[in-house]
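Report on one structure; see the data block that follows.
None of the values given here were measured: they were computed from a predicted structure.
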Amino acid sequence: EVQLQASGGGLVQAGGSLRLSCAASGFTDDDYAIAWFRQAPGKEREGVSCISTDDGSTYYADSVKGRFTSSTDNAKNTVYLQMNSLKPEDTAVYYCAGAWGPCTDTSSSEEDEYDYWGQGTQVTVSS
């Protein structure tokens, strides 16, 4: 059974940084994708990033390019989302999601592509 555990959220001032972690268990090889989605109050959930664990290839939403970086530590079965230069509009509940196979430009933003979801972690950026 695949399980995902997200952590690392918190309260930070604008311009600050946070690192989210998504610990995965149950994937039987290193050929899966982990995406990060976020949902702000009153808004639809949106894709933020995706990383393929086999080759480390990544996709990012335009709104976070240059500020957020996703990485994977396959030895620890953990994916990270380093978030720098945070803005108040980054405030949301962040979810990690997993699927077999690599990320694609399309799958990075499509919730239906992901079968496994972790619980959310709140990120709040104050102005």
Fill in: Verdict with supporting geometry, Tyr116 and Phe27, side-chain contact (heavy atoms from CB on, under 4.5 Å)
CA-CA 11 Å; Tyr116 312 105; Phe27 284 106; 4.0 Å; yes
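Here the SG-CD1 distance, from Cys96 to Ile51, works out to 12.5 Å after rounding to the nearest 0.5 Å. Note that the OG atom of Ser52 and the CD1 atom of Ile34 stand 10.0 Å from one another [nearest 0.5 Å]. Note that the CZ atom of Arg38 and the CZ atom of Arg45 stand 13.5 Å from one another [nearest 0.5 Å]. Rounding to the nearest 0.5 Å places CG of Leu81 at 5.5 Å from OG of Ser70. Distance check: Met83 CE to Arg19 CZ gives 11.5 Å after rounding to the nearest 0.5 Å. Taken from OG in Ser108 to OH in Tyr114, the straight-line distance is 6.0 Å, to the nearest 0.5 Å.
Cluster membership for Val12 and Val48, using ILVMFWY side-chain heavy atoms within less than 4.5 angstrom, is shared. Note: the hydrophobic cluster containing Leu20 does not contain Leu11 (ILVMFWY, side chain heavy atoms under 4.5 Å, direct or indirect links). Leu4 is connected to Trp100 through a chain of hydrophobic side-chain contacts under 4.5 Å among Ile, Leu, Val, Met, Phe, Trp and Tyr, so both are in one cluster. Hydrophobic clustering of Ile, Leu, Val, Met, Phe, Trp and Tyr side chains at less than 4.5 Å, counting indirect connections, keeps Phe37 apart from Val125. Cluster annotation: Leu18 and Trp36 are assigned to the same hydrophobic cluster (Ile/Leu/Val/Met/Phe/Trp/Tyr, side-chain heavy-atom contacts under 4.5 Å, transitive).
A pairwise comparison of heavy atoms in Pro88 and Ser127 identifies CG-CB, 3.8 Å as the closest pair. In this structure, Ser17 and Gln82 approach most closely via the heavy-atom pair CB-NE2, 3.9 Å.
Taking the side chain as every heavy atom from C-beta outward, Lys76 and Ser21 never approach each other to under 4.5 Å.
Formation of a donor-acceptor pair under 3.5 Å by the Gln119 side chain with backbone atoms of Ala6 is found in this model. Ser49 places no side-chain N or O within donor-acceptor distance of the main-chain N or O of Tyr60, the cut-off being under 3.5 Å.
Just one of Asn77, Thr72, Thr78 meets the side-chain hydrogen bond (donor to acceptor under 3.5 Å, both in side chains) condition when paired with Asn74; it is Thr72.
The pair Lys87-Asp90 fails the salt-bridge criterion, with no side-chain N (NZ, NE, NH1 or NH2) lying under 4.0 Å from an Asp/Glu carboxylate O.
Classification of the Tyr94-Phe68 ring pair by plane angle, with boundaries at 30° and 60°, yields tilted.
Under 3.5 Å, the side chains of Thr124 and Gln122 contain a donor-acceptor pair of N or O atoms.
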